[in-house]
Amino acid sequence: MPDFRYQDGELHCEAVPLRAIADKVGTPCYVYSHATLLRQFRSFDSAFNEIPHLVAYAIKANSNLALLRLLAREGAGADIVSGGELYRALQAGIEPRRIVFAGVGKSDDEIRYALKTDILMFNVESSAELRAIDRVAGAMKMKARVALRINPDIDPKTHPYISTGLKKSKFGISAERALEEFKLATTLPHLEIVGVHKHIGSQLTQVSPFVDALKKILLLVEQLAGIGVRIRHLNVGGGLGIIYQDETPPQPQDLAQAIAPLVKDLKCMLIFEPGRSIVGNAGVLVTKVLYHKANPDKTFLIVDAAMNDLIRPALYGAYHEITPVREARDKLKKRVLADVVGPVCESGDFLAKDRMMPLSDPGELLAVMSAGAYGFSMASNYNSRPRVAEVLVRGGEFHVIRAREEYADLVRGETIPAFLN
Ligand code: LLP
């Protein structure tokens, strides 16, 4: 993570010591690098310069308004999966005609909201949804632009919870049923078919599943041309992996090299939906050591961040490197095999398991690395823990882009009915 480096024995984000941020805003807090975000977005976007394309950032990875605005200013579109994400995208200034809407369970309200704002298209996941969008668009006297999400049944070779393109997955329409569903779509008067969509999974570390899936989709595009359906947008989804530990994920240029020859004669705009590869390595979670605890079989480093702040280790057994913010003192420290755990009352509440860690003293700071994607966006208030602050660093300055929640925020919207008074 080039923008998170030790300088004078202290871990910095760009030119700001993480300690200075922790002193000002407290811990735990997420810290993001403006430079990394820009670089990641630009390197993705420019890799596909030769192909007409749109980079629709997957908002679910990190939906903070400041980050969205930064990406909007770079010309990013958005991949959304809810009315709430649409609201955020619009608030951040992302152009509606650069927004695509996926997800297996869109409600009538969400469909109406998206039609009213004139988004680029819906990525439709079933025939029931085709009919629902047609019905809602009809009632609004509109035509809805749709792409059908096809499940190409390709193994993305990633964690089962983040694999979406296999037959047994709830996502998309099976390749065998695709033509039939497209035919149905042509009969529905309030739909305009504009595209095909696929997304096979997340944290992919090889190019081949992307290529195999795309080949399947291209066959379908040919078949569709045969029945008079011309595809203008080909959405290849997101999923490019990042380095958490020792992975060697392809770079956007590798992906571009692999797919450009396949699509060069296609008169089509390509849409990409990267999330993790844009923000994953742009953020860390800073946490403070509270206690050490040595049980007969195990040493625990108890920190103030927990699974409600970063659920990836608990949910997927995901690996996040954890490094002390103060480097110099660390060198003097003995290392122990420890679990790094939070205060939440669950045995699954850990940030690292059986990890060789310097035995940082209580009060010292640790940085949980590669936490920019699916970190804050998956945070909850479990155990009535206020959600943490988010900070954006740009060069030598830092800005709080989301205030730490207060206790009053925890009960906002709750009411005690009069009969309990
Ligand atoms: N497009 C669609 C339709 C998606 O479902 C996803 C992610 C993306 C794009 C973005 O994928 P990315 O480029 O970020 O890999 N919470 C999990 C990841 C869930 C991904 C869900 N879909 C995690 O923390 O690893």
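Atoms within each ligand, like the ligands themselves, are counted from 1 in listed order. None of these values were measured; they are calculated from a predicted model.
- When only interatomic distances are considered, the shortest N/O to N/O separation between Arg149 and ligand 1 does not fall below 3.5 Å.
- Within the structure, every pair that satisfies the salt bridge (Lys or Arg N to Asp or Glu O under 4.0 Å) test and touches residues 297-307, not counting sequence neighbours, is listed here: Lys298-Asp339, Lys298-Asp354.
- Counting atoms of ligand 1 from 1 in the listed order, those under 4.0 Å from a heavy atom of Gly238 are 9 (C), 13 (O).
- Partners of Arg232 according to the salt bridge (charged side-chain N to carboxylate O under 4.0 Å, His left out) rule, which considers only residues two or more places apart in sequence or in another chain, are Glu192.
- Among Ser202, Gly172, Ala56, the residue whose heavy atom lies closest to atom 15 (O) of ligand 1 is Ser202.
- Residue Arg312 touches ligand 1 through its side chain alone, judged by heavy-atom distances below 4.0 Å.
- Of the polar atoms of Gly275, at least one N or O is found under 3.5 Å from an N or O of ligand 1, judged by distance alone.
- Any N or O atom pair closer than 3.5 Å counts here, and Gly239 shares at least one such pair with ligand 1.
- Here's the thing with Ser277: none of its N/O atoms is less than 3.5 angstrom from an N/O atom of ligand 1.
- A salt bridge (Lys or Arg N to Asp or Glu O under 4.0 Å) with Glu74 is found for exactly one of Arg39, Arg42, Arg69, Arg98, namely Arg42.
- The closest side-chain donor-acceptor pair between Asn62 and Ser377, if any, does not fall under 3.5 angstrom.
- Salt bridge status for Arg394 with Glu14: absent, with no side-chain N to carboxylate O gap under 4.0 Å.
- Ion pairing of Arg177 with Glu181 is present here, as a side-chain N (NZ or NE/NH1/NH2) and a carboxylate O approach within less than 4.0 Å.
- Checked against a 3.5 angstrom limit, the closest N/O atoms of Tyr316 and ligand 1 fall inside it.
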